[in-house]
Amino acid sequence: MLARIFRPAKTAMQSGKAKTRQWRLEFEPASARTIDPLMGWTSSADMNGQVRLDFDSREEAIAYAERYGIPFRLHEPQEPPVIIKAYADNFATNRKVSWTH
(Lines give C-alpha, C1' and ligand atoms only; values in the text may rest on other atoms or scores of the structure.)
Protein backbone atom coordinates (compact mmCIF):
# COMPACT_ATOMS: atom_id res chain seq x y z
CA MET A 1 0.00 0.00 0.00
CA LEU A 2 2.53 2.54 -1.22
CA ALA A 3 1.34 6.13 -1.51
CA ARG A 4 2.76 8.98 -3.51
CA ILE A 5 2.79 12.61 -2.45
CA PHE A 6 2.95 15.17 -5.22
CA ARG A 7 1.69 18.53 -6.38
CA PRO A 8 -0.59 18.09 -9.42
CA ALA A 9 0.35 19.76 -12.67
CA LYS A 10 -2.08 22.00 -14.48
CA THR A 11 -4.28 20.27 -17.00
CA ALA A 12 -3.99 20.91 -20.71
CA MET A 13 -7.52 22.32 -20.72
CA GLN A 14 -6.74 25.32 -18.55
CA SER A 15 -4.40 28.24 -18.92
CA GLY A 16 -4.37 29.20 -15.24
CA LYS A 17 -2.84 27.42 -12.29
CA ALA A 18 -6.01 26.50 -10.42
CA LYS A 19 -5.83 23.37 -8.25
CA THR A 20 -2.03 23.19 -8.53
CA ARG A 21 -1.12 24.83 -5.21
CA GLN A 22 -2.12 21.95 -2.95
CA TRP A 23 -0.27 18.71 -2.35
CA ARG A 24 -2.03 15.40 -2.98
CA LEU A 25 -1.63 11.96 -1.42
CA GLU A 26 -2.74 9.08 -3.66
CA PHE A 27 -2.23 5.35 -3.31
CA GLU A 28 -0.41 3.40 -6.00
CA PRO A 29 -2.54 0.67 -7.61
CA ALA A 30 -2.10 -2.64 -5.79
CA SER A 31 -3.18 -4.74 -8.77
CA ALA A 32 -3.76 -4.28 -12.47
CA ARG A 33 -7.17 -3.32 -13.77
CA THR A 34 -9.30 -6.02 -15.35
CA ILE A 35 -11.61 -5.74 -18.33
CA ASP A 36 -15.23 -6.72 -17.87
CA PRO A 37 -16.02 -9.35 -20.54
CA LEU A 38 -19.63 -8.21 -21.05
CA MET A 39 -19.37 -4.41 -21.21
CA GLY A 40 -15.65 -3.93 -21.79
CA TRP A 41 -15.28 -1.51 -18.88
CA THR A 42 -12.16 -1.58 -16.78
CA SER A 43 -12.51 -2.30 -13.09
CA SER A 44 -10.36 -2.87 -10.05
CA ALA A 45 -10.85 -4.51 -6.70
CA ASP A 46 -8.50 -2.01 -5.08
CA MET A 47 -10.55 0.54 -3.12
CA ASN A 48 -7.49 2.59 -2.13
CA GLY A 49 -7.20 3.72 -5.73
CA GLN A 50 -10.23 5.95 -5.14
CA VAL A 51 -8.69 7.80 -2.20
CA ARG A 52 -7.24 11.26 -2.90
CA LEU A 53 -6.33 13.49 0.00
CA ASP A 54 -5.39 17.14 -0.53
CA PHE A 55 -3.15 19.09 1.85
CA ASP A 56 -2.09 22.72 1.99
CA SER A 57 1.61 21.93 2.30
CA ARG A 58 4.08 19.12 1.68
CA GLU A 59 4.88 18.88 5.38
CA GLU A 60 1.21 18.24 6.25
CA ALA A 61 1.00 15.41 3.73
CA ILE A 62 4.20 13.81 5.00
CA ALA A 63 3.07 14.16 8.62
CA TYR A 64 -0.25 12.48 7.78
CA ALA A 65 1.46 9.54 6.08
CA GLU A 66 3.91 9.10 8.95
CA ARG A 67 1.17 9.39 11.58
CA TYR A 68 -0.81 6.53 10.03
CA GLY A 69 2.22 4.44 9.03
CA ILE A 70 1.69 4.76 5.28
CA PRO A 71 4.84 4.19 3.23
CA PHE A 72 5.14 6.96 0.66
CA ARG A 73 7.22 8.26 -2.21
CA LEU A 74 7.67 12.02 -2.52
CA HIS A 75 7.64 13.57 -6.01
CA GLU A 76 9.07 17.10 -6.08
CA PRO A 77 7.38 19.43 -8.57
CA GLN A 78 9.30 20.65 -11.59
CA GLU A 79 8.75 24.36 -11.96
CA PRO A 80 8.49 25.61 -15.55
CA PRO A 81 10.94 28.34 -16.53
CA VAL A 82 9.55 31.84 -16.40
CA ILE A 83 9.87 33.48 -19.80
CA ILE A 84 9.14 37.18 -19.73
CA LYS A 85 7.70 38.32 -23.04
CA ALA A 86 6.37 41.62 -24.26
CA TYR A 87 4.15 42.25 -27.24
CA ALA A 88 6.60 44.85 -28.52
CA ASP A 89 9.25 42.15 -28.93
CA ASN A 90 7.35 40.91 -31.99
CA PHE A 91 8.23 44.13 -33.81
CA ALA A 92 11.79 44.68 -32.58
CA THR A 93 14.39 45.54 -35.21
CA ASN A 94 17.02 43.28 -33.66
CA ARG A 95 15.02 40.02 -33.96
CA LYS A 96 17.05 36.83 -34.33
CA VAL A 97 14.41 35.22 -36.58
CA SER A 98 13.01 37.04 -39.58
CA TRP A 99 9.37 38.07 -39.52
CA THR A 100 7.64 36.00 -42.17
CA HIS A 101 4.50 37.93 -42.89
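Numbers for residues simply follow the sequence, beginning at 1. Because only heavy atoms are used, hydrogens play no part in the values below, and waters and symmetry mates are left out as well, while side chains stay in.
- In this structure, W23 is a member of the same hydrophobic cluster as Y68, with clusters built from ILVMFWY side-chain heavy atoms closer than 4.5 Å.
- Here D54 contributes atom CG and R52 contributes atom CZ; the two are 9.0 Å apart, rounded to the nearest 0.5 Å.
- From Q22, atom CD reaches atom CD of E60 across 9.5 Å, with rounding to the nearest 0.5 Å.
- At most 12 non-hydrogen atoms from other residues, nucleotides or ligands lie less than 6.0 angstrom from CD of Q78.
- To the nearest 0.5 angstrom, E28 atom CD is 11.5 Å from N48 atom CG.
- Applying the ring pair (Phe, Tyr, Trp, His ring centres under 6.0 Å) test to residues at least two apart or on different chains, the pairs with a partner in residues 29-60 are F55-Y64.
- A distance of 5.0 Å separates CE of M1 from CD1 of I70, quoted to the nearest 0.5 Å.
- Residues forming a side chain to side chain contact (heavy atoms under 4.5 Å, CB included) with N94 (at least two apart in sequence, or on another chain): A92.
- Within 6.0 Å of CZ in R4 there are more than 12 heavy atoms belonging to other residues, nucleotides or ligands.
- Hydrophobic clustering (side-chain heavy atoms under 4.5 Å, transitive across Ile, Leu, Val, Met, Phe, Trp, Tyr) keeps F27 apart from F6.
- The structure places CZ of R21 at 13.0 Å from CG of D56, a figure rounded to the nearest 0.5 Å.
- For E76 against L74, the heavy-atom pair with the smallest separation is OE2-CD2, 3.4 Å.
- Distance CD1/I5 to CG/L25: 5.0 Å, rounded to 0.5 Å.
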Quiz item: Between L53 and R24, is a side chain to side chain contact (heavy atoms under 4.5 Å, CB included) present by the stated rule, with each step listed?
Solution: CA-CA 6 Å; L53 300 173; R24 179 171 291 164; over 6 Å; no
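- Using a 4.5 Å heavy-atom cutoff, the side chains of P71 and L2 are in contact.
- Ion pairing of E79 with R7 is present here, as a side-chain N (NZ or NE/NH1/NH2) and a carboxylate O approach within less than 4.0 Å.
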